[in-house]
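Values below: every heavy atom of this structure, side chains too, minus hydrogens, waters and symmetry copies. Everything quoted here is computed from the prediction, not taken from an experiment. Both ligands and their constituent atoms are indexed starting at 1 by order of listing.
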Amino acid sequence: MPGVLYIVATPIGNLGDMTYRAVETLRTASRIACEDTRQTRKLLDHFGIGGHPVSYHEHNEASRTEEILGWLESGLSVAIVSDAGTPLISDPGFRVVRSAVERGFAVVPIPGVSAVVTALCASGLPTDEFRFCGFFPRKQGERRRWLETLAGEEMTMAFYEAPHRIVETLRDIEETLGDPPVVAARELTKLHEEFLRGKASEVRAALEKRDAVKGEFTVLVGKGERKVETDEPAPVAVKRLEASGLSRMDAIKAVAKERGLPKREVYRMVEEG
Ligand code: SAM
């Protein structure tokens, strides 16, 4: 019988968030593939789980995927974990899951924590619809262009960001999205868990007052008044977005959304120059 691929979520700080099923699955799996073997070893030791985890990360994903599929073929069960939270959510694992599904192996999720849902459920921002956008681009120009394409988004947006870029990123959100409501969720499930709520400019100012900005952050952006205040003519905005790599249709869609105009209206303006 072929083996089963388990996708096992692990805590993002508080080890009490490990589920019974996660412990049981890691205890009985024939192989455990993880991002950082030392990190996972600590987790396994805490729960008295033996075995020798093997590395599975962005640099060996391709070769390791083949190896994992070979193990499944020969009937071994394989558990995938990441350093924290749910694998595949801004973490490795997609390649092996896609290949396992394509080749007909059973893929079983062992659900648990993910920073994005943990932040969202206590944020106070609308949860009926939300868009998870992963990490912000690191370079400021790219980040701003990307934020501009999100300006018309009607649902709560969620991002991951590093502590040394958070202040700069909040300024970009403020300047490109019209100072929307923001929740910066810091150190979730840990001793110093904190939710900073307010307009992007207020959360930024609160962080700027600190001697140092430390810890892990998940950033949520509410819809509020997210329309862009600008004098830039729509055709110029479309050209600018095209120059940053968007197709003409995507650029028209983004500009229409951010200005609350019908797409055909922006299309007409572009055609007329
Ligand atoms: N797979 C993980 C998950 O399911 O949440 C996310 C992994 S991603 C590489 C790591 C990022 O998630 C961090 O840089 C931070 O933005 C966010 N994150 C992880 N743990 C967090 C925590 N305890 N509090 C706030 N954000 C956290």
Side-chain angles (χ1 to χ4, degrees), residues 5-19 21-22 25-26 32-40 42-43 46 53 55-61 79-98 107 109-125 127 130-139 143 146-147 156-170 172-173 182-197 200 203-204 206-207 210 212-221:
L5 180 66
Y6 295 97
I7 309 304
V8 183
T10 59
I12 56 169
N14 190 327
L15 291 178
D17 292 332
M18 185 79 169
T19 68
R21 271 184 92 199
T25 305
L26 294 177
I32 297 172
C34 63
E35 261 190 289
D36 178 342
T37 51
R38 275 177 306 178
Q39 181 86 8
T40 297
K42 279 193 225 154
L43 180 82
H46 181 87
S55 65
Y56 173 84
H57 44 66
E58 55 179 338
H59 305 295
N60 70 358
E61 249 190 306
I80 302 273
V81 295
S82 59
D83 284 351
T86 302
L88 282 82
I89 307 302
S90 291
D91 264 340
F94 170 65
R95 192 190 282 255
V96 71
V97 169
R98 184 179 54 185
V107 180
I110 308 294
V113 192
S114 187
V116 54
V117 174
T118 308
L120 183 69
C121 69
S123 67
L125 293 174
T127 55
F130 72 96
R131 174 169 174 178
F132 176 56
C133 307
F135 279 98
F136 287 94
R138 289 183 190 183
K139 293 196 178 136
R143 191 164 58 233
W146 186 56
L147 280 167
T156 300
M157 297 191 286
F159 304 87
Y160 289 156
E161 185 53 296
H164 60 278
R165 274 192 297 269
I166 185 102
V167 165
E168 203 182 315
T169 295
L170 287 169
D172 292 337
I173 290 175
V182 154
V183 178
R186 193 179 82 87
E187 294 287 87
L188 289 163
T189 78
K190 302 185 201 176
L191 189 60
H192 298 293
E193 177 178 272
E194 187 182 17
F195 287 86
L196 293 111
R197 300 181 173 90
V203 174
R204 174 181 57 75
L207 289 172
R210 300 188 177 181
V213 179
K214 290 189 186 152
E216 297 195 273
F217 281 90
T218 296
V219 179
L220 303 165
V221 180

Straight-line distance of [X] [atom1] to [Y] [atom2], nearest 0.5 Å:
| X | Y | atom1 | atom2 | answer |
| --- | --- | --- | --- | --- |
| Asp17 | Ile12 | CG | CD1 | 7.5 Å |
| Leu207 | Phe217 | CG | CZ | 5.0 Å |
| Asp91 | Glu58 | CG | CD | 9.5 Å |
| Phe135 | Thr169 | CZ | OG1 | 11.5 Å |
| Glu35 | Thr10 | CD | OG1 | 9.0 Å |
| Ile32 | Thr25 | CD1 | OG1 | 10.0 Å |

Would you kindly specify which portion of [X] sits under 4.0 Å from ligand 1, judged on non-hydrogen atoms: side chain, backbone, both or neither?
| X | answer |
| --- | --- |
| Ala84 | backbone |
| Ala119 | neither |
| Phe135 | side chain |

Is the closest N or O pair between [X] and ligand 1 shorter than 3.5 Å?
| X | result |
| --- | --- |
| Ser114 | yes |
| Pro87 | no |
| Thr218 | yes |
| Asp91 | yes |
| Tyr160 | yes |

Which atoms of ligand 1 are found less than 4.0 Å from any heavy atom of [X]?
| X | value |
| --- | --- |
| Lys190 | 23 (N) |
| Ile89 | 1 (N), 2 (C), 4 (O), 6 (C), 7 (C) |
| Gly85 | 3 (C), 4 (O) |
| Thr86 | 1 (N), 3 (C), 4 (O) |
| Ala185 | 25 (C) |
| Glu161 | 16 (O) |

Handout entry: Under 3.5 Å side-chain donor-acceptor pair for Glu61 and Tyr56
Key = yes
Practice task
Return yes when atom NZ of Lys190 has more than 12 non-hydrogen atoms of other residues, nucleotides or ligands closer than 6.0 Å, and no otherwise.
Solution key: yes
Which residue owns the protein heavy atom closest to [atom], what's the atom, and how far is it?
| atom | value |
| --- | --- |
| atom 19 (C) of ligand 1 | Glu216 OE2, 3.6 Å |
| atom 23 (N) of ligand 1 | Leu188 O, 3.0 Å |
| atom 18 (N) of ligand 1 | Ala115 CB, 3.6 Å |
| atom 16 (O) of ligand 1 | Phe217 O, 2.6 Å |

Can you name the closest pair of heavy atoms from [X] and [Y] and give their distance?
| X | Y | answer |
| --- | --- | --- |
| Arg197 | Ala122 | NH2-O, 2.6 Å |
| Thr19 | Gly112 | CG2-CA, 4.5 Å |
| Ala200 | Leu170 | CB-O, 4.0 Å |

Practice task
Could you label the plane-to-plane angle of the Trp146 and Phe159 rings as parallel, tilted or perpendicular, counting under 30° as parallel and over 60° as perpendicular?
Solution key: perpendicular
Practice task
Run the contact test for Ser90 against ligand 1 with a 4.0 Å cut-off on heavy atoms, strictly below, and give the result.
Solution key: yes
